[in-house]
Amino acid sequence: MSASRGKKLVLTNMSSLLLQFTNVICGFILPRLILRNFGSDINGLVNSITQFLGVISLLDLGVGSVVRSALYKPLADDNIVNISKIYVSANHFFKRLGAIFLGYVILLMIIYPLIVINEFDYIYTATLIGAMCISLFFQYYFGIVNSLLLTAHQKGYIENIVQIITISLNTIICAILIQLGSSIQTIKLITSLIFVARPLFLQCYVKCNYKIDKKIIYDEEPIKQKWNGMAQHFAAFILEGTDSIILSVLSSLETVSIYSVYNMVIVGVKNILLSMASGFSPLIGEMLVKREIDKLNKFFSYIEWLLHTGITLVFGCTSILIVPFISVYIHGVEDANYIQPLFAVLMTIAHAGHCLRLPYNILILAAGHYKQTQSNYIIAMVLNIVISVVTVKWFGLLGVAAGTLVAMIYQTVWMAWYDSKNIINWPIKSFIKQCLVDVITIIFASLATYRIPLLTTTYKSWILLAFKVFSIWFLIVIVINMIFYRDNILSIRKEFMKRIDKNRISV
């Protein structure tokens with residue numbers, strides 16, 4: 001890997017990791033304040049509206065991923081003409097989407113309040129939707145194409161820094177407003193106005209740093225497979241976004257609130273892990289377009305093991321620690337039963353499965369194999385919807401968790417098989433071996449830690465519990481991987497010692 005590639009990868013991954021830590025910390029603070037000051041029903045209402053507003057992302061039909069893939073080659077070749085064509089085509093698409101979004105929000109403001117009319121006043125719900133939609137509109141109208149361009153050019157760290165600043169500022173201002181007794185509508189309106197700054201900044205940055213010809217004319221559509229990202233995008237939304245909607249329609253806002261608290265913790269953990277791999281996709285895309293297959297195989301071998309091992313460690317600890325954490329987090333909130341251990345385990349496994357598919361999905365997206373992989377995404381989407389809808393009536397939270405889990409397992413296995421046969425000819429036995437090592441690790445570490453008690457419902461006690469659990473899991477992960485992946489462990493140790501020696505010399 002060149003020095004330039006390495007620097008961009010480190011900057012992107014480190015800024016992304018910091019962003020996710022910021023998201024997790026701020027994501028815990030605001031919902032907690034909302035729960036304490038407004039109650040579970042309002043928290044459930046806010047999360048339900050968030051998911052309904054998120055439906056608009058379905059309308060981009062996965063074009064965002066296709067645009068990013070299409071940009072890899074012209075950026076690598078420094079072909080400003082093709083970059084401009086792709087930029088202009090994508091910009092036209094997303095501006096049309098912004099107009100559609102306005103129409104959707106108007107319909108939502110008319111119809112959604114009727115769904116919760118027995119619990120909240122019509123005007124109260126409609127104004128809350130209006131306050132929450134502003135930043136999303138600006139994102140689609142001004143920000144998405146610029147974000148895709150920077151990410152494809154391995155400059156995602158610029159957007160990450162802007163997001164860190166806006167998220168932190170929003171948390172501070174909203175916390176003050178809540179303490180002053182402001183309405184939830186006022187709080188969400190201020191949030192939207194703060195987040196408008198991000199797309200406006202990105203637009204200015206791209207204008208100053210890229211010579212995009214926004215008046216360029218093209219005869220042929222520059223974004224190939226523009227419509228073939230549809231299945232992938234639908235699947236991503238269905239797998240991650242429909243649980244709250246199903247619960248809103250078929251269950252209660254109280255159940256939505258319980259789901260949202262667990263989902264907040266698990267998604268926070270997942271996003272931290274995903275941030276560690278945020279720079280891999282454009283790097284793999286560049287290797288593919290330059291046909292650096294030997295380098296790609298070596299790199300993929302390493303990141304497959306690294307991600308599997310990291311995911312097993314982090315989500316394994318999460319499965320043990322999440323219920324104790326929730327008991328501390330919601331301490332004092334007694335209007336719903338938030339202690340749901342079986343649901344917590346199922347959701348943790350489901351999202352771990354989503355992360356395990358990451359290296360294989362990165363290859364598919366980087367290679368631009370959208371049309372070839374549509375069937376996999378459609379089947380996963382159908383599995384999640386059918387299982388969730390059929391089982392939610394009898395099992396509630398467990399039903400939607402089961403639907404997500406089955407879909408994630410299917411998709412991960414299918415993607416690994418597809419990559420091994422069609423992109424880099426990676427042996428499928430490597431995937432099977434890695435999964436067996438994951439299972440062995442989980443069994444031994446779970447047996448060693450699941451009985452460790454939370455002594456008191458305080459954050460101090462939970463941190464002590466987390467330290468004990470993580471230490472045991474980390475030791476077991478190292479021992480098992482020394483048996484099955486000794487060379488990788490020794491390679492990491494060697495690199496670690498080299499950096500220590502380098503720092504000593506520099507000092």
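Reckoned from all heavy atoms, side chains included, excluding hydrogens, waters and symmetry mates.
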So, [X] side chain and [Y] main chain: donor-acceptor pair closer than 3.5 Å or not?
X: Ser48; Y: Gly44; result: no
X: Ser192; Y: Ala131; result: yes
X: Asn37; Y: Leu33; result: yes
X: Asn43; Y: Ile34; result: no
X: Ser491; Y: Asp487; result: no
X: Ser420; Y: Trp417; result: yes
X: Thr166; Y: Gln163; result: yes
X: Ser461; Y: Thr457; result: no
X: Asn422; Y: Tyr418; result: yes
X: Thr449; Y: Val469; result: no

Whether Tyr259 and Phe343 hold their rings parallel, tilted or perpendicular, with breakpoints at 30° and 60°: tilted

Ring geometry between Phe28 and Phe325 (parallel below 30°, tilted from 30 to 60°, perpendicular above 60°): tilted

Heavy-atom closest contact ([X] atom, [Y] atom, distance):
X: Leu454; Y: Pro324; value: CD2-O, 3.7 Å
X: Ala380; Y: Ala407; value: O-CB, 3.4 Å
X: Gln434; Y: Glu304; value: OE1-O, 4.4 Å
X: Ser15; Y: Asn160; value: OG-ND2, 3.0 Å
X: Arg68; Y: Thr151; value: CD-CG2, 3.7 Å
X: Ser388; Y: Gly403; value: OG-CA, 3.8 Å

Phe52 vs Ile129, side-chain contact (heavy atoms from CB on, under 4.5 Å): CA-CA, chis, key distance, verdict: CA-CA 10 Å; Phe52 273 98; Ile129 294 171; over 6 Å; no

Test log, rule ring-ring contact (aromatic ring centres under 6.0 Å, His included), inputs Tyr459 and Tyr329: CA-CA 8 Å; Tyr459 285 107; Tyr329 182 76; 7.5 Å; no

Evaluate the side-chain proximity of [Y] to [X]: yes if any heavy-atom separation is below 4.5 Å, no if none is.
X: Leu356; Y: Leu307; answer: no
X: Ile266; Y: Phe315; answer: yes
X: Val400; Y: Val389; answer: no

Axial cation check for Tyr485 ring with Lys433, 6.0 Å and 45° limits: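 Yes - Lys433 lies over the ring of Tyr485, closer than 6.0 Å to its centre and within 45° of its axis.
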
Within 6.0 angstrom of Phe395 CZ, more than 12 heavy atoms from elsewhere: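 Counting neighbours around CZ of Phe395, 12 or fewer heavy atoms of other residues, nucleotides or ligands fall under 6.0 Å, so no.
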
Intermediate values then yes/no, side-chain contact (heavy atoms from CB on, under 4.5 Å), Thr458 and Ile463: CA-CA 9 Å; Thr458 62; Ile463 291 172; over 6 Å; no

side-chain contact (heavy atoms from CB on, under 4.5 Å) between Phe195 and Ile167, intermediate numbers included: CA-CA 8 Å; Phe195 284 124; Ile167 290 169; 3.8 Å; yes

Ring centres under 6.0 angstrom apart (Tyr262, Tyr338):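 Ring centres of Tyr338 and Tyr262 not closer than 6.0 Å.
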
Steps toward side-chain contact (heavy atoms from CB on, under 4.5 Å) verdict (Ser327, Trp462): CA-CA 10 Å; Ser327 67; Trp462 183 85; over 6 Å; no

Distance-only polar pair, side chains of Trp305 and Ser301, donor-acceptor under 3.5 Å: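 Side chains of Trp305 and Ser301: no pair found under 3.5 Å.
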
